[in-house]
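Heads up: the structure comes next, in structure tokens.
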Amino acid sequence: MIDPVILFFVLGAVAGLLRSELRLPAAIYEFVTIVLLLAIGLKGGVELARQPFGALAPQLLAVVAMGLLLPLIAFPVLRYLGRLPRADAASIAAHYGSVSVGTFAVAVAYLGSRQIDFEEYMPVLLVALEVPAILVGIVLARGLSRQTQWKSVGHEVFLGKGIVLLLGGLLIGWIAGPDGLASIEPLFVDLFKGFLALFLLEMGLITAAQVGGLRRHGPFLVIFGIAMPLFSALVGTGLGLSLGLSVGGITILATLAASASYIAVPAAMRISVPEANPTLSLAAALGITFPFNVLLGIPIYHALAVWADAFLKG
Amino acid sequence: MIDPVILFFVLGAVAGLLRSELRLPAAIYEFVTIVLLLAIGLKGGVELARQPFGALAPQLLAVVAMGLLLPLIAFPVLRYLGRLPRADAASIAAHYGSVSVGTFAVAVAYLGSRQIDFEEYMPVLLVALEVPAILVGIVLARGLSRQTQWKSVGHEVFLGKGIVLLLGGLLIGWIAGPDGLASIEPLFVDLFKGFLALFLLEMGLITAAQVGGLRRHGPFLVIFGIAMPLFSALVGTGLGLSLGLSVGGITILATLAASASYIAVPAAMRISVPEANPTLSLAAALGITFPFNVLLGIPIYHALAVWADAFLKG
Amino acid sequence: MIDPVILFFVLGAVAGLLRSELRLPAAIYEFVTIVLLLAIGLKGGVELARQPFGALAPQLLAVVAMGLLLPLIAFPVLRYLGRLPRADAASIAAHYGSVSVGTFAVAVAYLGSRQIDFEEYMPVLLVALEVPAILVGIVLARGLSRQTQWKSVGHEVFLGKGIVLLLGGLLIGWIAGPDGLASIEPLFVDLFKGFLALFLLEMGLITAAQVGGLRRHGPFLVIFGIAMPLFSALVGTGLGLSLGLSVGGITILATLAASASYIAVPAAMRISVPEANPTLSLAAALGITFPFNVLLGIPIYHALAVWADAFLKG
Amino acid sequence: MENNKRKLLTVVTEAALEATLIKDLDRLNAHGYTISDVRGKGSRGVRHADWDLNASIRVEVVCDAATAETIATHLQTHYYDNYAMIMFTSDIFVVRPEKF
Amino acid sequence: MENNKRKLLTVVTEAALEATLIKDLDRLNAHGYTISDVRGKGSRGVRHADWDLNASIRVEVVCDAATAETIATHLQTHYYDNYAMIMFTSDIFVVRPEKF
Amino acid sequence: MENNKRKLLTVVTEAALEATLIKDLDRLNAHGYTISDVRGKGSRGVRHADWDLNASIRVEVVCDAATAETIATHLQTHYYDNYAMIMFTSDIFVVRPEKF
Ligand SMILES: Nc1ncnc2c1ncn2[C@@H]1O[C@H](COP(=O)(O)O)[C@@H](O)[C@H]1O
Ligand SMILES: Nc1ncnc2c1ncn2[C@@H]1O[C@H](COP(=O)(O)O)[C@@H](O)[C@H]1O
Ligand SMILES: Nc1ncnc2c1ncn2[C@@H]1O[C@H](COP(=O)(O)O)[C@@H](O)[C@H]1O
Ligand code: NA
Ligand code: NA
Ligand code: NA
């Protein structure tokens with residue numbers, strides 16, 4: 001059974017490819033994004049309240065290490081196999097080391113509609129994975145140059161909309177607890193999938209608009225945009241196994257690893273590594289990897305998690 | 001008992017006439033419209049899944065024929081009785097041959113709050129009725145001239161926001177089925193009437209702004225804007241009877257026939273028949289016919305359907 | 001237990017002070033405001049339907065008298081203690097004599113989550129309190145000069161968004177009654193606190209932006225911004241007691257008295273008393289009084305109401 | 001070609017003035033105007049449009065030099081002291097000069 | 001400094017024309033364009049952008065005088081009669097003239 | 001009348017640069033600026049504002065010729081190579097020249 005939110009993505013993509021005049025107003029796309037980010041944070045925060053925070057430290061460290069590692073693997077592939085200029089290779093590597101909140105939301109919806117549980121602190125890992133790859137990307141592009149204005153990079157990265165809303169939601173959920181949140185659930189829980197559907201409709205339209213970029217920049221990006229998430233998902237699966245996560249948790253962690261950022265990282269790269277061509281990274285992250293993950297990747301990562309879990313236990 | 005959504009329309013109209021500064025931001029009006037269009041499509045799609053699609057073919061054909069016929073009747077009335085220039089007569093005829101989604105939604109709400117059932121594939125007929133009158137209008141204005149860029153007309157007409165969202169909703173509802181849609185019902189079902197209320201609030205404001213246009217263009221438009229929907233409703237009632245529809249279905253079909261487009265047709269006419277004065281058609285469709293249908297027409301069409309149904313059976 | 005909506009306010013204020021790029025699009029802030037205003041009106045209207053309207057007349061008169069009195073007390077304090085120019089003193093006095101719908105909504109949420117009842121016609125008093133202080137403010141600034149264009153002032157004041165939506169909601173609720181409104185409750189009732197949370201998030205951001213204004217205009221405004229609502233709350237409590245209101249009703253009336261307008265009054269003053277510096281009044285009303293009321297004031301006014309009620313009965 | 005020379009008068013000011021300005025322009029014989037939403041900074045501080053009272057508009061009027069002068073003087077007299085406002089004119093060449 | 005002189009062609013018209021105008025500009029050799037949403041009033045009445053058909057846009061094209069002339073003539077011939085539209089040009093000095 | 005002649009510097013560029021440009025303008029002695037949201041097309045392709053990274057802004061600064069020159073040079077040096085950006089100046093006449 002295909003989840004209807006995926007069908008909204010397909011509708012958007014088809015409408016975009018047919019050059020329909022359909023468009024979600026920018027303010028509405030922003031509204032939907034804000035509600036989704038807060039909802040994800042709130043849900044994670046409520047769960048955090050149920051368990052000692054300290055217990056999360058090892059997971060956090062391991063996941064940050066993965067966020068540093070993945071762009072370091074992607075960079076030489078892009079630079080030498082893809083023959084991309086240094087700045088472009090660094091920027092794309094940063095996109096793939098970081099995460100996509102939209103893809104995370106689809107994975108949550110996927111598991112939810114199959115009633116598969118997962119460790120509910122996953123939003124914390126989502127937040128932890130957003131930033132490290134950005135720093136690696138900047139260093140890969142510039143070296144550890146003095147010229148980089150780390151203070152303003154830090155401001156841009158840690159006070160961007162995504163982090164503030166996710167972290168803010170986490171804290172509010174943590175302080176208010178499940179009872180406190182009951183009164184705002186109609187907006188942040190009941191409407192979650194409806195808003196996800198609208199979000200994916202617009203994502204479909206945006207994805208379709210990236211096709212031009214892809215056509216210009218050739219087949220390497222297409223292959224990279226599929227191979228890299230598959231590889232990263234393997235890394236994520238391995239990490240999930242060794243952290244002792246449930247099948248649901250492994251699926252989510254693999255999805256996080258496999259997803260490529262298209263909000264926080266592009267904005268940060270545009271300011272910090274301006275000579276990188278944003279068309280390249282967005283064509284790959286949005287034009288290939290996002291639809292791949294949403295349509296095929298998540299079921300694959302789930303199957304992988306089931307298999308790996310059974311294999312280990314068997 | 002008067003439906004509260006109608007009261008929102010009255011509130012908007014009164015606020016507009018008093019020149020209040022009240023205004024729904026354009027992005028919100030668009031948002032509300034998008035959700036309503038998708039919701040109507042989704043609901044129709046779910047019902048389509050329950051029955052063989054082929055069975056709809058005769059209804060579809062009959063309804064398209066009505067969509068071609070109505071503007072052909074309206075045109076000579078406007079041209080010779082109303083002494084309107086050819087382009088204006090053709091454009092107004094196209095507006096009245098096509099349909100208004102807002103009026104349809106009010107009729108659905110009207111029947112819903114009276115627990116009157118209707119054939120749930122009505123949204124399919126809604127889609128089918130949007131386009132034919134536009135083509136008739138263009139031919140009436142231009143003849144079958146070679147100059148008309150039918151390709152770009154077709155693009156404009158079939159890939160406009162309205163058709164894409166209605167058809168897209170239909171397809172998603174059809175594929176996902178009732179169970180699949182359960183998770184997005186809080187947005188597309190539970191909020192339907194609330195969003196309809198906001199939509200009608202803004203429609204009231206827009207309607208009030210048409211009064212100036214009416215004052216300038218005289219009493220003929222006022223009479224036409226009431227007489228034409230009454231006549232069309234008779235045609236729709238007759239067609240509904242002969243297709244064997246239920247009382248609810250006849251009411252809806254009569255309402256569709258009686259309603260005048262104010263989204264798809266104005267946009268298409270502005271591009272395809274630019275010499276037609278849009279103030280005229282909007283003053284009639286929005287300033288007269290929309291409020292008439294919403295406040296008085298729908299109850300009348302319902303009474304007519306009850307009477308016709310009883311008469312036939314009796 | 002702290003209400004989560006308050007935490008959204010804190011999140012917004014902190015994000016604003018840290019100069020995060022977080023921002024609610026203007027259209028969404030407007031959307032949320034419109035829904036809240038309508039929701040408050042609808043709820044009040046439903047209750048009005050349950051009781052004879054005439055019974056409200058004494059309450060209305062008393063409350064209007066309070067709305068005229070409070071700015072007359074604030075004015076000399078601002079003018080002579082604060083040494084503010086006449087126009088500024090008059091304008092700030094008008095802000096504090098009028099009311100803040102956002103503060104009212106937080107008080108309603110506060111009582112709601114503690115299951116404390118209050119007289120449900122409170123939204124009527126809210127409407128009644130919006131306007132008188134504006135007229136007093138204009139007269140304080142100008143005298144009863146002929147130059148004042150009372151007609152356009154009246155238009156501005158009575159046909160502003162706030163009054164139209166509150167009054168419109170009241171009327172719709174009154175006509176439609178509780179059963180009629182059932183179908184639009186998912187939007188106007190279930191989502192109320194979620195929308196209030198988003199509203200307070202943006203209010204936090206706006207409040208943080210007022211800090212600059214405060215820094216420039218010194219400590220007098222800070223003291224006034226806390227002392228004035230405390231004093232007004234005493235007046236409101238006394239009035240509530242003498243009108244025989246319940247503990248909940250006294251709390252709301254005290255909150256209304258204590259709150260300072262930041263929508264209707266600033267807009268009216270900008271046009272009618274343009275020489276008043278809007279930075280001053282907004283710094284006080286938004287930068288000090290709004291957060292004070294929301295974070296500390298409402299619990300204080302509630303405690304005061306409990307004490308006063310017990311004292312009187314004991 | 002000289003007879004199609006006109007003035008473009010540009011005013012950037014508070015959104016709160018919009019309705020008032022429109023009435024003034026009608027009275028002062030402007031044949032039309034174009035308004036857009038903007039944000040900015042000037043001597044009266046930052047106006048970043050995050051909410052109603054902080055929003056700004058740009059008003060543009062195409063007209064002859066005398067009308068531009070009249071309007072500019074009127075606005076300067078009535079609003080410059082109490083509102084965030086700047087104003088400037090530039091030379092333009094219009095198509096269909098009879099309209100302006 | 002004279003070789004960086006160009007024309008700025010400004011068109012204010014109905015939003016419904018946007019897609020059509022973009023195609024025209026591409027065909028008429030404009031190297032670029034900038035569009036913004038506006039509202040306003042002119043000989044065809046008030047256009048206050050409260051909904052789609054009532055919305056207006058401002059289209060600006062930086063180009064040489066000959067291109068400006070061509071575009072202006074094309075728009076005047078094709079749209080002036082049936083659409084709310086005004087048009088004017090002004091003299092500007094561009095940075096990096098080779099772009100335009 | 002000559003002492004009220006100033007320059008209007010217009011920059012159309014990526015919305016991502018807004019915060020950076022504002023800091024630059026403050027440092028380079030612009031007394032103010034006006035920003036509006038636009039969409040468009042240029043040598044770096046179509047920027048139709050459907051989402052953040054694809055959005056453009058128009059920045060306008062009224063200032064004297066020397067300041068305009070300084071700002072234009074600064075922007076050209078720092079951003080022209082890596083960002084979608086065009087820039088031009090025009091002559092304007094300001095009301096209350098002491099403000100600029
Ligand atoms: N030098 C300038 N260049 C461009 N726009 C300006 C300038 N000065 C002021 N403005 C605009 O005019 C508005 C009002 O200016 P002011 O009255 O100086 O605060 C500001 O918010 C800006 O949008
Ligand atoms: N004199 C004018 N000054 C500035 N803008 C104008 C003027 N006349 C018309 N406009 C703008 O151009 C649009 C179309 O003008 P029109 O075709 O005269 O109705 C109007 O809606 C205004 O936005
Ligand atoms: N010839 C032009 N006329 C008007 N606007 C232009 C022109 N060229 C570029 N632009 C605007 O400047 C932005 C950046 O241009 P570019 O760097 O050439 O891609 C474009 O997205 C347009 O909004
Ligand atoms: Na990743
Ligand atoms: Na019809
Ligand atoms: Na008060």
Side-chain angles (χ1 to χ4, degrees), chain B residues 12 16 19 21-30 32-33 85 87-88 91 95 102 141 149 152-153 155-156 159-162 199 201-210 212-213 215-216 261-279 281-283 285-286, chain E residues 9-30 33-61 70-88:
Chain B
R19 302 182 171 282
E21 56 149 56
L22 181 61
R23 197 115 294 142
L24 212 62
I28 301 307
Y29 178 64
E30 187 114 0
V32 165
T33 309
D88 286 321
S91 167
H95 283 71
Q149 308 192 311
S152 83
V153 167
H155 189 275
E156 171 82 20
L159 290 171
K161 187 176 55 186
F199 173 81
L201 181 68
E202 177 68 14
M203 285 306 298
L205 291 163
I206 294 176
T207 292
Q210 306 306 321
R215 210 171 295 153
R216 274 198 299 283
S261 168
Y262 51 82
I263 300 181
V265 180
M269 287 297 128
R270 205 71 202 95
I271 295 299
S272 309
V273 188
E275 65 274 33
N277 179 353
T279 318
S281 39
L282 289 176
L286 272 179
Chain E
L9 171 69
T10 303
V11 185
V12 179
T13 189
E14 305 184 14
L17 269 185
E18 179 163 337
T20 315
L21 287 185
I22 287 178
K23 271 182 232 144
D24 290 351
L25 290 176
D26 278 347
R27 223 182 34 238
L28 297 170
N29 278 321
Y33 55 82
T34 296
I35 299 181
S36 45
D37 294 312
V38 300
R39 52 191 176 278
K41 193 185 129 181
S43 57
R44 290 187 176 242
V46 174
R47 303 184 51 79
H48 264 180
D50 25 23
W51 65 307
D52 292 11
L53 241 82
N54 202 257
S56 303
I57 52 172
R58 177 203 289 114
V59 183
E60 284 162 314
V61 182
T70 315
I71 297 175
T73 308
H74 176 88
L75 299 190
Q76 188 171 7
T77 321
H78 285 78
Y79 308 115
Y80 238 92
D81 289 342
N82 292 323
Y83 292 93
M85 178 180 277
I86 66 165
M87 222 172 350
F88 53 86

Atom CG in E:N54, atom CD in B:Q210: separation rounded to 0.5 Å? 8.0 Å
B:L24 versus chain E, heavy atoms under 4.5 Å apart: side chain, backbone, both or neither? neither
Turns out that what part of B:I271 lies under 4.5 Å from chain E's heavy atoms comes down to both
Which residue out of E:E14, E:R44, E:H48 racks up the most heavy-atom pairs below 4.5 Å with chain B? E:E14
Of all the heavy-atom pairs spanning B:R270 and E:L53, show the shortest one and how long it is. CD-CD2, 4.5 Å
